Protein chains: 2
Amino acid sequence: MKKRRVPRMNEQESAAWLGLTTVFSLLPSALDRQLQRDSGLTHFEFVVLSTLQLSPEPTMRMTTLAQATDATLPRLSHVVGRLEKRRLVARSTCPEDRRATNVGLTGDGRRVLIRSVPGHIATARRLVIDALTPEQLDALTEITGAIGAKLAEESGDPPPESLSSPARKSSGPKTS
Amino acid sequence: MKKRRVPRMNEQESAAWLGLTTVFSLLPSALDRQLQRDSGLTHFEFVVLSTLQLSPEPTMRMTTLAQATDATLPRLSHVVGRLEKRRLVARSTCPEDRRATNVGLTGDGRRVLIRSVPGHIATARRLVIDALTPEQLDALTEITGAIGAKLAEESGDPPPESLSSPARKSSGPKTS
DNA sequence: ACCGTTTGGTTGACGCGACAAGTAATCGGT
DNA sequence: ACCGATTACTTGTCGCGTCAACCAAACGGT
């Protein structure tokens, strides 16, 4: 048991943390509700369909799709299964590697997605974008980027400069 | 169906939005994992215990606790039920209003909470606080505050000036 | 050519949260 | 004093995500 001495946060820090956790607990559900109500889609289903449509190829491998959407493979498998029952996507065994599965958007899927986009963007705008000044938008991009970097280096390997130093687990490079 | 004309986001906006959604999908689970691993607590259970301890009174009503933790009553009821089985909280019928239930921290609960705090703060620090400059912390506070305000006025009643107009349920105030 | 290993994905069981329905106590009107 | 309405919770059911176990195809060494 190493007491790391991280006693408590100062006021500035706890204000930011409190704000973050509050938004965390409220925003995702608000987003989900709107999408569910207007289009019958979960936010994650929306992300899956969007990712498929943005792909240059007409189909994607399950694993690739899972990585692109930050999902575990079982989760993706379940969701794709449901979407397939609703005829929004189609699965087919990859001919080159018969273990793999290719997923593609159906016509219905594309239509449903396209119809759901405006409402979703409108909600995003209403709840977030319109609430912020351009400077705050830039700040938000930087902030989320910084947090995202920490998260990436935490779980998994650090995307940048992974070949220079072999798996150092702690340390703060502090390249700011 | 009123086409609201919310065409698409410019690059600045979509960058911020993308960053936000990414952090959204990763940070909560990271937080939960750490807490679960080190203390056997869900993040929400942690919030419940913390709220109870911060309360000036030794016990809280279920409804009050639900509001304080942004939870629905059924959810809270389930969670408190589990926590009670683990002897971390205790329920008792309120003597003044026998419909109501008072929840209080037990000694075990207090101990578990206290032991879990440092690790949680350390994680918060590691993933978020340390990733940001003081200016970014302030910016984050403002940003989350602005979003939180939008969320509040969206679902439920707008916190400011609620007494001027009596409970209007539908309608779009459209005060933009 | 064969068998162990690794890769790619699916399936089943459990836990948690949302929603709806139910119960019990209190309030309020007549 | 009584009965409907409201309040404060609880309980049951369902959907989704996670974890573990599983199966099948491809690789790789000998």
Side-chain angles (χ1 to χ4, degrees), chain A residues 24-37 40-49 59-86 88-104 155, chain B residues 24-37 40-48 59-86 88-104 155 167:
Chain A
F24 261 35
S25 61
L26 298 183
L27 218 184
S29 55
L31 240 44
D32 252 340
R33 246 196 314 278
Q34 178 272 325
L35 219 39
Q36 186 74 47
R37 179 168 51 76
L41 290 176
T42 304
H43 182 250
F44 180 64
E45 291 172 338
F46 177 83
V47 169
V48 167
L49 296 182
T59 68
M60 273 177 101
R61 291 265 186 85
M62 290 292 284
T63 304
T64 313
L65 188 53
Q67 288 168 347
T69 57
D70 286 319
T72 62
L73 211 38
R75 179 183 184 186
L76 184 62
S77 187
H78 281 138
V79 170
V80 167
R82 288 171 226 141
L83 289 176
E84 191 178 33
K85 277 187 196 93
R86 294 163 64 185
L88 301 184
V89 302
R91 269 193 283 208
S92 60
T93 309
C94 175
E96 305 154 6
D97 185 343
R98 297 174 41 75
R99 292 171 299 181
T101 306
N102 287 327
V103 199
S155 53
Chain B
F24 261 33
S25 62
L26 298 182
L27 219 185
S29 56
L31 240 44
D32 252 340
R33 246 196 313 279
Q34 178 273 325
L35 219 39
Q36 185 73 46
R37 180 169 51 78
L41 291 176
T42 303
H43 182 251
F44 180 64
E45 290 172 339
F46 176 84
V47 169
V48 167
T59 67
M60 274 178 102
R61 296 269 258 266
M62 290 291 285
T63 304
T64 314
L65 188 53
Q67 288 167 347
T69 58
D70 284 320
T72 61
L73 210 40
R75 180 183 185 186
L76 183 63
S77 186
H78 281 138
V79 169
V80 167
R82 287 171 226 142
L83 289 175
E84 191 178 33
K85 277 187 196 94
R86 295 163 63 186
L88 301 184
V89 303
R91 267 191 285 206
S92 60
T93 309
C94 175
E96 306 154 7
D97 184 345
R98 298 174 40 76
R99 294 170 299 180
T101 307
N102 286 327
V103 199
S155 53

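Values below: all heavy atoms of this structure, side chains included; hydrogens, waters and symmetry mates excluded. In what follows, chains carry the letters A, B, and so on, assigned in the order in which the sequence lines appear, proteins first and then strands, with residues in each chain numbered from 1. Computed from a predicted structure; not experimentally measured.
In this entry the distance linking CD of B/Glu45 with P of C/dC16 reads 7 Å, nearest Å. Atoms CZ (B/Phe44) and P (C/dG17) sit 7 Å apart, rounded to a whole Å. Nucleotide D/dC16 holds its C1' atom 15 Å from the CG atom of A/Leu41, rounded to whole Å. Across the protein-nucleic acid pair, A/Asp97 atom CG and C/dT7 atom C1' stand 8 Å apart, rounded to whole Å. The distance from atom CD of A/Glu96 to atom C1' of C/dG8 is 14 Å, rounded to the nearest whole Å. Whole-Å rounding puts the B/Arg75 CZ to D/dC16 C1' distance at 14 Å. Nucleotide C/dC16 holds its P atom 10 Å from the NZ atom of B/Lys85, rounded to whole Å. B/Arg37 places its CZ atom 13 Å from the P atom of D/dC19, with the value rounded to the nearest Å.
Using a 4.5 Å cut-off on side-chain heavy atoms (C-beta onward), A/Met62 and A/Ser77 make contact. Residues B/Val103 and B/Val48 are not in side-chain contact: their nearest non-hydrogen atoms beyond the backbone lie 4.5 Å or more apart. Counting heavy atoms from C-beta on, the side chains of A/Thr42 and A/Asp32 come closer than 4.5 Å.
Taking all atoms of both residues into account, the shortest heavy-atom contact from B/Leu76 to B/Phe44 is CD1-CZ, 4.4 Å.
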Would you tabulate the pairs of protein nitrogen or oxygen atoms and nucleotide nitrogen or oxygen atoms of nucleotides 9-13 of chain D closer than 3.5 angstrom?
from   : atom 1 : to       : atom 2 : distance (Å)
D/dC9  : OP1    : B/Thr101 : N      : 2.9
D/dC9  : OP1    : B/Thr101 : O      : 3.4
D/dC9  : OP2    : B/Thr63  : N      : 2.9
D/dC9  : OP2    : B/Thr63  : OG1    : 2.0
D/dC9  : O3'    : B/Thr101 : OG1    : 3.4
D/dT10 : OP1    : B/Arg91  : NH1    : 3.0
D/dT10 : OP2    : B/Ser77  : OG     : 2.8
D/dT10 : OP2    : B/Arg91  : NH1    : 3.4

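Checked by atom type and distance alone, the side chain of A/Asn102 never pairs as donor or acceptor with a backbone atom of A/Ser92 at under 3.5 Å.
Taking only side-chain nitrogens and oxygens, B/Arg82 comes nearer than 4.0 Å to OP1 or OP2 of C/dG17. Taking only side-chain nitrogens and oxygens, A/Arg98 never comes nearer than 4.0 Å to OP1 or OP2 of D/dA26.
Counting non-hydrogen atoms of neighbouring residues, nucleotides and ligands closer than 6.0 angstrom, the CZ atom of B/Arg98 reaches no more than 12 such neighbours.
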